[in-house]
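One structure is given below, encoded as structure tokens.
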Amino acid sequence: MNKQTKDKRITKILISAKDLELATTKVAQWIDKNYKGKNPLLVSILKGSIPFFAKVISKVTIDMEIDFVAYKSYTGKNKMEHPKMEIDLKQSIKGRHVVVFDDICDSGLTFAFIKKVFTKRHPTSLKFVSMCDKKAARQVPFKSDYNCFDIPNEWVVGFGLDYNECFRNLPYVGILSPSVYQKQTKHKK
Ligand code: 5GP
Ligand code: MG
């Protein structure tokens, strides 16, 4: 934690690539331990959870399946007035053990919304995994069943997390410099 980066657009690295490697191994072990013989359906919330999700599933050793949903709630770093489900699951989750993955739990609205929608479809179990959690930003009460990192209430980017679709490919999670969103320098260092 607290390491500096040469990229001036990032004020501080909060979660290093090494931290992420270790954390994703632990999530995979948690899946292995809790879902052996249950053929769980692991669900990635697009697009932000992709690197985290891919890393975790590459380390899961039990039989499992994957699917995707997309739920758009932000433009830039502004919360949208009417967030919406853009892509839904391809299959029924009735009678399935379902684990939903996201990059971050912030206001809690995304997870709370998906929980409400999925619960109506009668899964046998439904759990939520977050790569990081900004507990100070909650608008609705929500607690992930498994969270890797608690982080401060700052706009973070990297390892799936974006600002206007940029920065998702950073190998770490860091705090975005306010100069980026003040100047709107989308593609420049
Ligand atoms: P929530 O619905 O809990 O407010 O936020 C969930 C979604 O908002 C995440 O999947 C993510 O796309 C976006 N989000 C919330 N906080 C941040 C942040 O600090 N950085 C980025 N890049 N995305 C965020
Ligand atoms: Mg997201």
Side-chain angles (χ1 to χ4, degrees), residues 1-2 5 7 9-17 19-20 23-24 27 42-56 66-89 98-119 126-182 184-187:
M1 295 281 194
N2 218 359
T5 165
D7 189 333
R9 301 169 302 174
I10 309 297
T11 55
K12 189 199 272 185
I13 296 179
L14 287 178
I15 311 168
S16 69
D19 294 336
L20 289 160
T24 48
V27 179
L42 308 187
V43 176
S44 161
I45 303 182
L46 298 171
K47 305 172 202 168
S49 77
I50 288 177
F52 174 61
F53 185 71
K55 218 16 137 195
V56 170
I66 63 170
D67 206 342
F68 301 89
V69 291
Y71 176 76
K72 193 162 177 59
S73 53
Y74 280 88
T75 315
K77 59 188 281 298
N78 301 313
K79 207 146 189 60
M80 288 164 60
E81 207 178 321
H82 300 292
K84 54 176 182 176
M85 182 84 92
E86 292 187 318
I87 299 169
D88 203 348
L89 297 173
V98 178
V99 188
V100 181
F101 288 73
D102 207 358
D103 46 8
I104 191 166
C105 184
D106 181 302
S107 67
L109 289 165
T110 302
F111 272 163
F113 173 79
I114 288 175
K115 186 172 184 177
K116 195 170 140 200
V117 173
F118 281 14
T119 300
L126 178 59
K127 301 249 187 244
F128 292 84
V129 174
S130 44
M131 176 173 72
C132 43
D133 193 333
K134 278 194 222 172
K135 292 202 169 70
R138 281 298 189 284
Q139 289 174 25
V140 291
F142 195 92
K143 192 174 182 303
S144 301
D145 298 284
Y146 191 113
N147 173 56
C148 300
F149 302 97
D150 282 318
I151 61 164
N153 194 4
E154 307 264 9
W155 192 261
V156 290
V157 293
F159 213 67
L161 290 151
D162 75 311
Y163 173 67
N164 277 342
E165 298 300 329
C166 289
F167 303 101
R168 293 192 196 274
N169 56 329
L170 295 179
Y172 54 77
V173 175
I175 297 176
L176 184 66
S177 166
S179 63
V180 176
Y181 45 84
Q182 279 156 8
Q184 294 286 312
T185 51
K186 191 175 166 187
H187 296 294

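All values below come from the heavy atoms of this structure, side chains included, with hydrogens, waters and symmetry mates left out. Read the numbers this way: they start at 1 and go in the same order the structure lists the ligands and their atoms.
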(request) Enumerate the atoms of ligand 1 whose separation from the nearest heavy atom of Leu161 is less than 4.0 angstrom. (result)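 By the 4.0 Å cutoff, the relevant atoms are 20 (N), 21 (C), 22 (N), 23 (N).
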(message) Only heavy atoms of Ser107, strictly under 4.0 Å: list the atoms of ligand 1 that pass.
(response)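 Close to Ser107: 1 (P), 2 (O), 3 (O), 4 (O).
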(message) As a quick check of understanding, evaluate side-chain contact (heavy atoms from CB on, under 4.5 Å) for Val173 and Met131, giving each step before the final call.
(response) CA-CA 10 Å; Val173 175; Met131 176 173 72; 3.9 Å; yes
(request) Could you tell me which residues satisfy side-chain hydrogen bond (donor to acceptor under 3.5 Å, both in side chains) with Thr110, sequence neighbours excluded, listed by chain and number? (result)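 For Thr110, no residue satisfies side-chain hydrogen bond (donor to acceptor under 3.5 Å, both in side chains) once neighbours in sequence are set aside.
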Just to be sure I read this right, does ligand 1 sit under 4.0 Å from the backbone of [X], its side chain, both, or neither, counting only heavy atoms?
X: Glu154; answer: backbone
X: Asp102; answer: side chain
X: Asp103; answer: side chain

(request) Rounded to the nearest 0.5 Å, what's the gap from OH on Tyr181 to CG on Asn164? Could you check? (result) 12.5 Å
(message) Using 0.5 Å steps for rounding, measure from the CD1 atom of Ile45 to the CD1 atom of Ile87.
(response)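 Going from the CD1 atom of Ile45 to the CD1 atom of Ile87 covers 12.0 Å.
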(request) Identify the two heavy atoms, one from Lys134 and one from Pro152, that lie closest to each other, and give their separation to 0.1 Å. (result) CG-O, 3.5 Å
(request) May I ask you to check whether Cys105 has an N/O atom sitting below 3.5 Å from an N/O atom of ligand 1? (result) no
(message) Tell me whether Tyr163 has any N or O atom under 3.5 angstrom from an N or O of ligand 1.
(response) no
What do you reckon, does [X] put a non-hydrogen atom under 4.0 Å from ligand 1?
X: Gly48; value: no
X: Gln139; value: no
X: Val156; value: yes

(message) Please check this pair: side chain of Asp102 against backbone of Ser130, looking for a donor-acceptor N/O pair closer than 3.5 Å.
(response)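 No; zero donor-acceptor contacts below 3.5 Å.
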(message) Using heavy-atom distances only, which candidate in Tyr71, Phe111, Phe142, Trp155 approaches atom 17 (C) of ligand 1 most closely?
(response) Trp155
(request) Indicate the ring-plane relationship of Tyr71 and Phe113, choosing parallel, tilted or perpendicular according to the 30° and 60° boundaries. (result)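 Parallel: the ring planes of Tyr71 and Phe113 meet at under 30°.
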(request) Name all residues meeting the salt bridge (Lys or Arg N to Asp or Glu O under 4.0 Å) criterion together with Asp133; count only those two or more places apart in sequence or in a different chain, and write none if there are none. (result) Lys135, Arg138
